[in-house]
Amino acid sequence: MGAPAVAAVIARREREVVDDFRAAGALAPATAQPYTAIGLGESLALKRLRDRAVIREAAPGAYYLDEEVWAAVRRTRRRIATMILVVLAVMLLGVLMKTFK
């Protein structure tokens, strides 16, 4: 499996974790819940979201989704993807211009 496919699987799993928090209503410190109540176990996606402060610990063992941070993470990922596409397009244009000279 290639790197883009792995990245897509990780991103999908992160969205599923976020959806699980939304479905459980764990969206603020006051509504934080343990992973077991949300139906989650430890996973790479959950760890990545905790590391980025998308999933925050309100009290020992009680977690919630920080929607603002999640939106910021998604915006950053879109900007990075856009820049990669722009760089690839410029490189392709350069190759095509050199080919047709």
Side-chain angles (χ1 to χ4, degrees):
M1 189 179 316
V6 171
V9 168
I10 291 171
R12 181 179 52 94
R13 183 62 189 124
E14 287 179 354
R15 285 190 305 272
E16 290 171 356
V17 169
V18 166
D19 290 343
D20 290 342
F21 272 84
R22 286 178 178 146
L27 302 174
T31 58
Q33 298 180 32
Y35 295 145
T36 54
I38 297 170
L40 297 172
E42 288 293 325
S43 68
L44 175 61
L46 186 58
K47 181 183 178 332
R48 289 173 49 90
L49 292 171
R50 271 197 332 256
D51 290 347
R52 286 164 182 75
V54 173
I55 303 300
R56 295 179 174 244
E57 188 170 25
Y63 300 88
Y64 71 98
L65 168 66
D66 189 325
E67 291 274 12
E68 290 182 25
V69 175
W70 175 239
V73 166
R74 294 189 72 198
R75 281 192 305 271
T76 299
R77 288 177 179 174
R78 272 190 229 112
R79 277 196 299 269
I80 290 170
T82 300
M83 289 308 300
I84 290 171
L85 289 174
V86 167
V87 167
L88 290 174
V90 168
M91 289 173 59
L92 179 61
L93 183 62
V95 168
L96 290 174
M97 289 178 68
K98 189 173 182 178
T99 301
F100 291 113
K101 243 183 177 182

Return the set of residues passing side chain to side chain contact (heavy atoms under 4.5 Å, CB included) with I84 (not counting sequence neighbours), or none when no residue passes. I80, L88
What closest approach, in Å, do A53 and D66 show between heavy atoms, and which atom pair accounts for it? O-CB, 3.9 Å
Are E14 and V73 packed together at the side-chain level, in the sense that at least one heavy-atom pair is separated by less than 4.5 angstrom? no
Which Ile, Leu, Val, Met, Phe, Trp or Tyr residues join Y64 in one cluster when any pair of side-chain heavy atoms under 4.5 Å counts as a link? none
To check you understand the geometry: which heavy-atom pair defines the closest contact between F21 and L27, and what is its length? O-CD2, 4.2 Å
Residues in side chain to side chain contact (heavy atoms under 4.5 Å, CB included) with R79, at least two apart? R75, T76
Name all pairs fulfilling the ring pair (Phe, Tyr, Trp, His ring centres under 6.0 Å) condition that reach into residues 65-85, sequence neighbours left out, sorted by first residue then second. none
Do V6 and L44 belong to the same hydrophobic cluster, where Ile, Leu, Val, Met, Phe, Trp and Tyr are linked whenever their side-chain heavy atoms lie under 4.5 Å apart, directly or via other members? yes
Would you list the atom pairs, donor with acceptor, under 3.5 Å between side chains in residues 32-40 and any protein atom, with sequence neighbours excluded?
residue: Q33; atom: NE2; partner: A24; partner atom: O; Å: 2.7
residue: Y35; atom: OH; partner: R50; partner atom: NH1; Å: 3.1

Output all residues satisfying salt bridge (Lys or Arg N to Asp or Glu O under 4.0 Å) with R52, sequence neighbours left out; order by chain, then residue number. none
Mind jotting down which residue pairs meet the salt bridge (Lys or Arg N to Asp or Glu O under 4.0 Å) criterion with at least one end in residues 20-29? Sequence neighbours excluded, please. D19-R22, R22-E67
CG on L92 to OG1 on T99, rounded to 0.5 Å: 9.0 Å
Remaining members of the apolar cluster that contains M83, side-chain heavy atoms under 4.5 Å: none
Can you pull the salt bridge (Lys or Arg N to Asp or Glu O under 4.0 Å) pairs that have at least one residue in residues 81-100, sequence neighbours excluded? none
Would you please name every residue forming a side chain to side chain donor-acceptor pair (under 3.5 Å) with R12, sequence neighbours left out? E16
Inspect the surroundings of CD in E42 and state if more than 12 heavy atoms from other residues, nucleotides or ligands are less than 6.0 Å away. yes
